[in-house]
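What follows is a set of notes on a single structure, which appears directly below.
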Amino acid sequence: MLGFFFKKNFYDGWDNVLFIFVPNLILDLFFLIGGGLFYLGTKVNGTAGIIIWGCTVLLVITAGSILSLAWAESAAKIADYESAEIKPFFTSLKTCIKDGILYGIVLFAVLLVSAAGIIFYFRPVSGATLPFIGLMAGSVFFWIMLTIISALFWYPSLRAIMHNPFKKSIKKCFIILFDNIGSCVVLGIYNFFLLIISIIMVGLAPGLGGMGLSRVNFLRILLKKYDYLEIAEKEAAGKKPVFRNKIPWQELLKEDIEITGSRSIKSFFMPWKE
């Protein structure tokens, strides 16, 4: 399953690389605006500067959230082998404003709690070492917040594919994470790798677009497992156990494997010669 995911996601990203630049450029613009506001905050002393910084972070996170939801709609079409266009992407921005703001506020609140908790548990104390109980409590807090953030990253993909209400989608984010921890860790490492490349490429590629596409592709594959389990459990009707760890991925992905196919290196750079 993972091998096919990496191949399909690379193909989809390569075929739509120019389209992926669009949300990345818009997010870069908001980062520039945020950088300017942050600089303004350094020129203001006291509470006013902190308020400017806080509002700037909220603005960038909210803008990124709305862009993520809109891009996920386009990424879902790409993952389904449909042609994605720029105009529908900008049109979907309007329909994503409400949920994007809610999503941004949730992410901002989690980030705020995480920062406050890390400062509280791991702040240096002059002349004393960090107590063992405090260190253990801080470690537990860190993993809890990391789990919450990891689950919330699934929201744009879930919304684009399943179109559930906000609260229901958030609940399903945690179900996806806890039911597929191993696969989610692999995807997290893959997204971290994409993030490093994005920083080198100044956010142009793969950036928000590339990471969003990878999560949509990954979720699209994962949902095939749940469709299979639902049918298998109905057919079994309690007569025989259904082994959740023995998913016939080759059979479930047969059609996708045929559609995706394989390409030579020449086809990426000179497709007209294939």
Side-chain angles (χ1 to χ4, degrees), residues 27 30-31 34 37-38 41 50-69 71-72 96 99-125 128-160 162 164-199 203 206-208 210-212 214-216 218-219 222:
L27 187 60
F30 276 99
F31 273 124
L37 292 174
F38 253 99
I50 297 174
I51 292 174
I52 292 175
W53 289 344
C55 291
T56 301
V57 173
L58 179 59
L59 170 66
V60 174
I61 290 177
T62 303
S65 298
I66 295 172
L67 282 170
S68 295
L69 300 191
W71 168 248
C96 294
D99 286 343
I101 291 174
L102 287 174
Y103 183 48
I105 291 173
V106 171
L107 288 177
F108 178 75
V110 171
L111 181 64
L112 201 63
V113 172
S114 300
I118 289 173
I119 293 171
F120 175 78
Y121 285 111
F122 298 103
R123 71 186 187 281
V125 181
T129 57
L130 194 65
F132 174 74
I133 296 178
L135 181 62
M136 188 168 62
S139 300
V140 172
F141 173 82
F142 170 79
W143 286 109
I144 289 174
M145 299 313 296
L146 182 62
T147 300
I148 292 173
I149 293 171
S150 299
L152 290 175
F153 279 155
W154 282 110
Y155 174 69
S157 306
L158 274 165
R159 181 184 183 275
M162 305 191 75
N164 293 136
F166 184 78
K167 291 183 179 179
K168 189 173 182 179
S169 292
I170 293 296
K171 180 181 178 181
K172 287 186 176 181
C173 288
F174 288 90
I175 294 174
I176 292 291
L177 176 66
F178 289 127
D179 198 35
N180 303 276
I181 292 180
S183 298
C184 290
V185 169
V186 173
L187 181 63
I189 295 172
Y190 178 63
N191 278 175
F192 181 74
F193 172 71
L194 295 181
L195 177 62
I196 297 299
I197 298 176
S198 301
I199 293 173
L208 171 72
M211 288 186 282
S214 71
R215 290 190 170 268
V216 169
F218 200 85
L219 181 62
L222 275 183

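Applying the salt bridge (Lys or Arg N to Asp or Glu O under 4.0 Å) criterion to Arg159, with sequence neighbours excluded, gives Glu73, Asp99. Under the ring pair (Phe, Tyr, Trp, His ring centres under 6.0 Å) criterion, Tyr155 pairs with Tyr103, Phe166, not counting sequence neighbours. Listed by chain and residue number, Lys225, Tyr226, Arg244 satisfy the side-chain contact (heavy atoms from CB on, under 4.5 Å) test with Asp179 (two or more places apart in sequence, or in another chain).
Contact between Pro156 and Ala72 at its shortest, heavy atoms only, is O-CB, 3.4 Å. Contact record, Gly41 with Trp53: CA-NE1, 3.4 Å, taken as the closest heavy-atom pair. Smallest separation of non-hydrogen atoms from Leu194 and Ser214: CD1-OG, 4.3 Å. Nearest heavy atom pair, residue Ser65 against residue Gly104, reads OG-CA, 3.3 Å.
Distance check: Cys55 SG to Ile50 CD1 gives 12.0 Å after rounding to the nearest 0.5 Å. For the atom pair CZ (Phe38) and CD1 (Ile52), the distance works out to 10.5 Å, reported to the nearest 0.5 Å. The CZ atom of Phe108 sits 14.5 Å away from atom CD1 of Ile101, with the distance rounded to the nearest 0.5 Å. To the nearest 0.5 angstrom, Leu107 atom CG is 12.5 Å from Leu112 atom CG. In this structure, CH2 on Trp143 lies 9.0 Å from OG on Ser150, to the nearest 0.5 angstrom. Here the straight-line distance linking atom OG1 of Thr62 with atom CG of Leu67 works out to 11.0 Å at 0.5 Å rounding.
Only one option out of Val57, Leu58, Val106, Ile149 pairs with Leu111 in a side-chain contact (heavy atoms from CB on, under 4.5 Å); it is Val57.
A 4.5 Å side-chain heavy-atom check between Cys173 and Leu177 finds every atom pair outside the cut-off. Under the 4.5 Å side-chain criterion, counting only non-hydrogen atoms from C-beta, Phe141 is in contact with Val113. Looking at Phe193 and Ile189, their side chains never come closer than 4.5 Å, going by heavy atoms from C-beta outward.
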Residues Trp154, Ile175; criterion side chain to side chain contact (heavy atoms under 4.5 Å, CB included); working and verdict: CA-CA 10 Å; Trp154 282 110; Ile175 294 174; over 6 Å; no
Steps toward side chain to side chain contact (heavy atoms under 4.5 Å, CB included) verdict (Leu158, Leu219): CA-CA 8 Å; Leu158 274 165; Leu219 181 62; 3.8 Å; yes
Working for side chain to side chain contact (heavy atoms under 4.5 Å, CB included), residues Phe192 and Ile196: CA-CA 6 Å; Phe192 181 74; Ile196 297 299; 3.9 Å; yes
Test log, rule side chain to side chain contact (heavy atoms under 4.5 Å, CB included), inputs Leu208 and Ser68: CA-CA 7 Å; Leu208 171 72; Ser68 295; 3.1 Å; yes
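More than 12 heavy atoms of other shown residues, nucleotides or ligands fall within 6.0 angstrom of atom CZ in Phe174. Within 6.0 Å of the CZ atom in Phe30, the count of heavy atoms belonging to other residues, nucleotides or ligands does not exceed 12.
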